[in-house]
Amino acid sequence: MMLKNKIAVIYGAGGAIGHAVARAFAREGATLFLTGRQRAFVEAVANDVVSAGGSAEAAEVDALDEQAVDRHLQSVIDKAAGVDIAFNAVGIPGTKILGVPLVELNVEQFSLPITTYATSYFLIARTAARRMVANKSGVIMTATTQHSRMGIPLSGGYGPAMAAEEALTRVLSAELAPQGIRVVGLRPQAIPETDTLKEAFEVRARVSGMTWEQFQESLASKTHARRLMTLAEMANVAVFMASDQASGMTGTIVNLTMGSLDD
Ligand SMILES: NC(=O)c1ccc[n+]([C@@H]2O[C@H](COP(=O)([O-])OP(=O)(O)OC[C@H]3O[C@@H](n4cnc5c(N)ncnc54)[C@H](OP(=O)(O)O)[C@@H]3O)[C@@H](O)[C@H]2O)c1
């Protein structure tokens, strides 16, 4: 078990990435504290983890609420006597931020992903780091997409938001790694099992004159393996990165695009 005796907090745990990471972390022995904006979704994930034999507690925490994030993490420390892993899986619906050409985009729609993604990740990371320094160990993690590094049309402020998360990962690591805290990100290619994929790319499929199936095939054809990654594959890498086996990795984003984006 790669995460035996580890205490992990997942933010945005009710979503696709959060759920998959929760299952994988629990399978590897971590004790989970799952959080999200809507309790019912987080509870469903916690129930799934527990019914598979894992340990998970659910809580309603808005990752943009500084006090709520802090209060929750303190409650975790009070119960579990520490925190080893903080995983940011927060995501906002693509329908609010994608599909409009930049020349037609209003400032609010452009800024929303940048402020939401950067601020929630910052709050999660800062709150975790303040607790982790006491033990001089811990891992802070996030998930980004290849929009951080590619000019993808009709994605508004989403690419800048992903680039901000990746930059923040490096800055956090530069400050925290000397204190024993690693900071790493995962950059998966689009994952077909998630609703997010359709939200992110359906408009582009329509504009390109492709059916949704044709568009997915075209995305897959850009990978070396000619297929898109599964949630389980992404989560297995998350387990490794969270584990002590990855002690040599910090200040970096793992490229999980299966060759569609060169390093
Ligand atoms: N899915 C993919 O193919 C893919 C690939 C690469 C990277 N990613 C990245 O991974 C992250 C998660 O993606 P996903 O596919 O899992 O999205 P998702 O299924 O939409 O899940 C996102 C979760 O974040 C929660 N959330 C939103 N705002 C929050 C807040 N202020 N506080 C707490 N929780 C909040 C949502 O809760 P509500 O339902 O209450 O809004 C939802 O449960 C995103 O950053 C995305 O860019 C996804």
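Along the sequence shown, residues carry numbers from 1. Just follow the structure's listing: the first ligand is 1, and inside any ligand the first atom is 1.
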Would you kindly specify which portion of [X] sits under 4.0 Å from ligand 1, judged on non-hydrogen atoms: side chain, backbone, both or neither?
X	value
Phe201	neither
Ile191	both
Tyr11	neither

Give the numbers and elements of all ligand 1 atoms closer than 4.0 Å to a heavy atom of [X].
X	result
Asp62	30 (C), 31 (N), 32 (N)
Ala190	3 (O)
Tyr158	46 (C), 47 (O)
Ala143	10 (O), 45 (O)

Heteroatom distance test ([X], ligand 1): nitrogen or oxygen, under 3.5 angstrom:
X	value
Thr145	no
Thr144	no
Glu165	no
Phe41	no

* Look at the side chain of Thr144 and the backbone N and O of Met162, then say whether any donor-acceptor pair between them is shorter than 3.5 Å. => no
* Arg227 backbone acceptor or donor facing Thr223 side chain under 3.5 Å -> yes
[atom] [closest protein heavy-atom partner, distance rounded to 0.1 Å]:
atom	value
atom 40 (O) of ligand 1	Gln38 NE2, 2.8 Å
atom 21 (O) of ligand 1	Gly15 CA, 3.1 Å
atom 26 (N) of ligand 1	Gly91 O, 3.8 Å

* To do: Indicate yes or no: at least one non-hydrogen side-chain atom of Ile85 is less than 4.5 angstrom from one of Leu3.
  => yes
* **Phe41, CZ atom: more than 12 neighbouring heavy atoms under 6.0 Å** => no
Pick whichever of [options] has a heavy atom sitting closest to [atom].
atom	options	value
atom 33 (C) of ligand 1	Val42, Val45, Val61	Val61
atom 44 (C) of ligand 1	Val90, Thr194, Ile17	Val90
atom 32 (N) of ligand 1	Pro192, Ala63, Pro188	Ala63

Looking just at side-chain N and O atoms, do [X] and [Y] make a donor-acceptor pair shorter than 3.5 Å?
X	Y	result
Asn47	Glu43	no
Asn236	Arg27	yes
Glu165	Thr142	yes
Ser137	Asn135	no

* Asked: Can you pull the salt bridge (Lys or Arg N to Asp or Glu O under 4.0 Å) pairs that have at least one residue in residues 48-71, sequence neighbours excluded?
  -> Arg23-Asp48, Glu57-Lys79, Glu66-Arg126, Asp70-Arg131
* Within residues 139-170 or reaching into it, pairs that qualify as ring-ring contact (aromatic ring centres under 6.0 Å, His included) - sequence neighbours excluded -> Tyr117-Tyr158, His147-Tyr158, His147-Phe201
